[in-house]
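Position 1 is the first residue of the sequence, and the numbers go up from there.
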Amino acid sequence: MLTRRFFTMMVMGAIMVHLPFISGKTQPNFFVTTSNLFIPTQVDVAADEAMTIYTQLKLENLGLSKNAFEYALKGYNNLKESGKLKNDRVLSIVDFTLQSSRKRLFIIDLNNKKVLFNTFVAHGRNSGKDIASQFSNIGESYQSSLGFYITKDTYNGAHGFSLRLEGEEKGFNDNAFNRAIVMHSAWYVDEKIAKSQGYMGRSQGCPAIPEALNKPIIETIKNGSCLFLYSSDNNYLSHSKFVNKVKTV
């Protein structure tokens, strides 16, 4: 990956260009300067990295929005840089701009550049019917909470094999533990149900997934990976420290 320092070194070593003699006088030497070149910023480099992976994995064809992936990768990089990710091989994204009847959970192996899972995921019953449009960090709201999470350990509870989640964004999802927001399976996350009633079954705020994929998904992303719940919600996009922070290089 090219850095600003690399480009600066190129500029400093630029070849001097001599202008021809005019009216018997030698014109001043002309130097190539930084103002004559485009130097990518950290934002440009990060966007290029995201676009390369996005295109390579054909994520647009699967329905994942470009914005969702760019924000997800930015937050993932920031969490990784801060040492919070123990399982940094995978990145999980829920794209709530998609209808609930669409496969809007994407689990990506960043090391091997592969989509491991693309399946259905429920949102909170008070977040909306077919599309999630309302979000909350408050207990008993029965709404989904946007933002970046770190996956924790597993346990067997009321919904069977489940995965604890730790919300990393103050005011948006940092109350996840107290709300018992976890990943678990649910019978109502089923394509037949979505087709029969026009929308997927909904949870009390948890990102519930299909029963058949519950164990393999949880086993893949448990113990310290990044999970991002995305929406084009203006309040979230304006105030999220992960979405707005630029990764240092």
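Connection of L237 to F69 is established within a shared hydrophobic cluster, with ILVMFWY side chains joined at heavy-atom distances below 4.5 Å, either directly or through further cluster members. Note on I138: it does not cluster hydrophobically with Y149, by side-chain heavy-atom contacts below 4.5 Å among ILVMFWY residues. Both L213 and L62 sit in one connected hydrophobic cluster of ILVMFWY residues. Membership requires side-chain heavy atoms under 4.5 Å apart, directly or through other members. L64 and F148 fall within the same hydrophobic cluster, where Ile, Leu, Val, Met, Phe, Trp and Tyr residues are linked whenever their side-chain heavy atoms come under 4.5 Å apart, directly or through other members. Y142 and L229 fall into different hydrophobic clusters, where Ile, Leu, Val, Met, Phe, Trp and Tyr residues are linked whenever their side-chain heavy atoms come under 4.5 Å apart, directly or through other members.
When atom types are taken as modelled, the side chain of K86 and the backbone of N223 share no donor-acceptor pair closer than 3.5 angstrom. Side chain of R125 to main chain of Q204: no donor-acceptor pair is present (N/O by atom type, distance under 3.5 Å, no hydrogens or angles). With hydrogens and angles disregarded, a donor-acceptor distance shorter than 3.5 Å links the side chain of D109 to the backbone of N112. Looking only at distances, no side-chain donor or acceptor of Q134 sits under 3.5 Å from a matching main-chain atom of S127. The closest donor-acceptor contact from the side chain of N126 to the backbone of Q143 lies at 3.5 Å or more, if one exists at all. Of the possible donor and acceptor atoms, none in the side chain of S100 sits under 3.5 Å from a partner among the backbone N and O of I131. A distance-only check finds no donor-acceptor pair linking the side chain of S82 to the backbone of K80 [under 3.5 Å]. A donor-acceptor contact shorter than 3.5 Å is absent between the side chain of T55 and the backbone of T52. Within the 3.5 Å criterion, the main-chain N or O of K192 finds no donor-acceptor partner in the side chain of K195. Under the 3.5 Å distance criterion, the side-chain polar atoms of H239 are left unmatched by any main-chain donor or acceptor of G171.
I107 has its side chain within reach of I217: a pair of non-hydrogen atoms, C-beta onward, lies under 4.5 Å apart. Between D174 and E168 there is no side-chain heavy-atom pair separated by less than 4.5 Å. I209 is listed as a side-chain neighbour of N214, based on a closest heavy-atom distance under 4.5 Å. A 4.5 Å side-chain heavy-atom check between E49 and N77 finds at least one atom pair inside the cut-off. Contact of the S144 side chain with the F96 side chain is registered, since non-hydrogen atoms from C-beta on lie closer than 4.5 Å. Side-chain contact check for I108 versus L59: some heavy-atom pair is nearer than 4.5 Å. Contact check for L163 versus K152: no side-chain heavy atoms found under the 4.5 Å cut-off. In this structure, Y54 and K66 have side chains that are in contact, with non-hydrogen atoms separated by less than 4.5 Å.
Atoms NZ and OH, on K84 and Y76 in that order, are 15.5 Å from each other to the nearest 0.5 Å. Separating the OG atom in S136 from the CG atom in N173 is a distance of 11.5 Å, to the nearest 0.5 Å. Atom-to-atom distance recorded for K241:NZ and N244:CG is 12.0 Å, nearest 0.5 angstrom. Residue S231 holds its OG atom at 11.0 Å from NE2 of H123, rounded to the nearest 0.5 Å.
Contact check on D153 versus K222 returns no salt bridge, with no Lys/Arg side-chain nitrogen under 4.0 Å from an Asp/Glu carboxylate oxygen.
Nearest heavy-atom pair across A180 and C206 is O-SG, 3.6 Å.
Counting only residues at least two apart or on different chains, the ring-ring contact (aromatic ring centres under 6.0 Å, His included) pairs with a member in residues 158-179 are H159-H184, F172-Y236.
Other cluster members for Y155: V182, joined by side-chain heavy-atom distances under 4.5 Å among Ile, Leu, Val, Met, Phe, Trp and Tyr.
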Could you list the donor-acceptor pairs under 3.5 angstrom formed between side-chain atoms of residues 114-122 and any protein atom two or more places apart in sequence or on another chain?
from	atom 1	to	atom 2	distance (Å)
N118	ND2	K103	O	3.0
N118	ND2	L105	O	3.2

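There is a side-chain donor-acceptor pair under 3.5 Å between R179 and S141. Side-chain N/O atoms of D130 and Q99 include a donor and acceptor closer than 3.5 Å. No side-chain N or O of T97 forms a donor-acceptor pair with one of S65 less than 3.5 Å apart.
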*Could you walk me through whether L91 and F106 pass side chain to side chain contact (heavy atoms under 4.5 Å, CB included), step by step?*
CA-CA 8 Å; L91 169 61; F106 305 81; over 6 Å; no

_Trace of the side chain to side chain contact (heavy atoms under 4.5 Å, CB included) decision for E169 with S240_ = CA-CA 7 Å; E169 303 212 54; S240 167; 2.7 Å; yes

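Counting non-hydrogen atoms of other residues, nucleotides and ligands closer than 6.0 Å to CD of E60 gives a total of 12 or fewer. In the displayed structure, E140 atom CD is contacted under 6.0 Å by at most 12 heavy atoms of other residues, nucleotides or ligands.
With S225 as reference, T151 is the one residue of T220, T151, D88 to meet the side chain to side chain donor-acceptor pair (under 3.5 Å) rule.
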